[in-house]
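What follows is a single structure, written as structure tokens, with notes after it.
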Amino acid sequence: MPPARIKVWDWPVRLLHWALVLAVATAGFSLWFFVDLHQPAGYVALGVAVLRVGWGCAGGLRANPARFARFVRTPRATWAYALALLRRREPRYIGHNPLGGWMVLALLACVAGLGLSGWLYTTDALWGDERVEQVHKALAWWLLALVALHLAGVAFTSLRHRENLLRAMLDGRKRAAQDGDIAG
């Protein structure tokens, strides 16, 4: 009998996650194809990031794993988790693990910085400003690196805990907590 699966991520989190994936991918690929989509896709990505921050601060129920207060751990707790991970003794988290929580914040901040720098580049005051363009390009490379780390972390955690995290981001469900698992 397969283990029970519980609801972890609500539909707004999943919808915003996949909307952000689509917007960022569109903005990236539009540098080579359909160039006119770059700016609108960037604005959509910025809007989705803002909505996700709003949902992470106030959305859903108080105990909702989508809320930042539930999954963004202190630096000390995150460091302890990283050390446990290196020792191969890390606990399984029902929601985001501490490194995953900080990755969510890093990705959202990077997307917000990209959207803001892209918009600033279109203003009369900063049109053609080389510094803004350099910041925008640097943030794009940072985002690419963060996405690669995020995907590697998802793959590693999926294998390590024998859990399909991609499926969980589609249907919102994960294996129910067992001994030693942490509900965060």
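Residue indices begin at 1 and follow the sequence shown. Nothing here was measured: the structure is a model prediction, and the numbers come from that model.
The distance from atom CG of L85 to atom CG of N97, rounded to the nearest 0.5 Å, is 7.5 Å. Rounded to the nearest 0.5 angstrom, L139 CG and L114 CG are separated by 5.0 Å. Atom NE2 of H38 is separated from atom OG of S30 by 5.5 Å, given to the nearest 0.5 angstrom. S158 OG to L165 CG: the interatomic distance, rounded to the nearest 0.5 Å, is 3.5 Å. Here the OG-CG distance, from S117 to D129, works out to 11.5 Å after rounding to the nearest 0.5 Å.
For the side chain to side chain contact (heavy atoms under 4.5 Å, CB included) with L151, the qualifying choice from V154, L149, V147 is V147, the only one to do so. Looking at W9, Y81, W102, F68 one by one, the single match for ring pair (Phe, Tyr, Trp, His ring centres under 6.0 Å) with H96 turns out to be W9.
Closest approach of L116 and L46 over heavy atoms only: N-CD2, 4.3 Å. Annotation for V35 and L31: closest pair CG2-O, 4.2 Å, computed over non-hydrogen atoms. In this structure, A41 and A27 approach most closely via the heavy-atom pair CB-N, 3.6 Å.
Contact check for I94 versus R175: no side-chain heavy atoms found under the 4.5 Å cut-off. At least one side-chain heavy atom of D171 sits under 4.5 Å from a side-chain heavy atom of R5. At a threshold of 4.5 Å between non-hydrogen side-chain atoms, the residues P98 and F71 do not count as touching. The closest side-chain heavy-atom distance from H136 to Y121 is not below 4.5 Å. The shortest side-chain heavy-atom distance between V104 and L108 falls under the 4.5 Å cut-off. Put simply, the side chain of L20 does not reach to within 4.5 Å of the side chain of R52, judged on heavy atoms. Looking only at side-chain heavy atoms (C-beta outward), E163 and R92 come within less than 4.5 Å of each other. The shortest side-chain heavy-atom distance between W79 and T74 does not fall under the 4.5 Å cut-off.
Under the 4.5 Å side-chain heavy-atom criterion for Ile, Leu, Val, Met, Phe, Trp and Tyr, W119 and V111 are members of distinct hydrophobic clusters. Residues V44 and L37 do not share a hydrophobic cluster, defined by chaining ILVMFWY side chains whose heavy atoms lie under 4.5 Å apart. No continuous path of ILVMFWY side-chain contacts below 4.5 Å connects L15 to M169, so the two sit in separate hydrophobic clusters. Residue L105 is grouped with residue V24 when hydrophobic side chains (ILVMFWY) are merged at heavy-atom distances under 4.5 angstrom, including chains of intermediate members. In terms of hydrophobic clustering, with Ile, Leu, Val, Met, Phe, Trp and Tyr side chains grouped at heavy-atom distances under 4.5 Å, L22 and L143 are assigned to different clusters.
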Does the pair W55 and D10 meet the rule for a side chain to side chain contact (heavy atoms under 4.5 Å, CB included), with working shown?
CA-CA 11 Å; W55 193 248; D10 57 13; 3.1 Å; yes
Checklist entry - Given the rule in the side chain to side chain contact (heavy atoms under 4.5 Å, CB included) test, do V8 and I6 qualify, once you have shown the distances and angles that lead to the verdict? => result CA-CA 6 Å; V8 176; I6 59 170; 4.2 Å; yes
Using side chain to side chain contact (heavy atoms under 4.5 Å, CB included), reason through M103 and L146 one step at a time and then give a plain yes or no.
CA-CA 8 Å; M103 177 57 79; L146 288 172; 3.9 Å; yes
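Not one N or O on the side chain of K174 forms a donor-acceptor pair closer than 3.5 Å with the backbone of R167. No donor-acceptor distance shorter than 3.5 angstrom exists from the side chain of R73 to the backbone of T78, with no hydrogens or angles considered.
Counting non-hydrogen atoms of neighbouring residues, nucleotides and ligands closer than 6.0 angstrom, the NZ atom of K137 reaches no more than 12 such neighbours. Residue W18 places its CH2 atom among more than 12 non-hydrogen atoms of other residues, nucleotides or ligands, all under 6.0 Å distant. Within a 6.0 Å radius of CD in Q178, more than 12 heavy atoms belonging to other residues, nucleotides or ligands are found.
For H17 and W11, the ring centers sit 6.0 Å or farther from each other.
Listed by first and then second residue, the ring pair (Phe, Tyr, Trp, His ring centres under 6.0 Å) pairs that reach into residues 141-171 come to none, sequence neighbours excluded.
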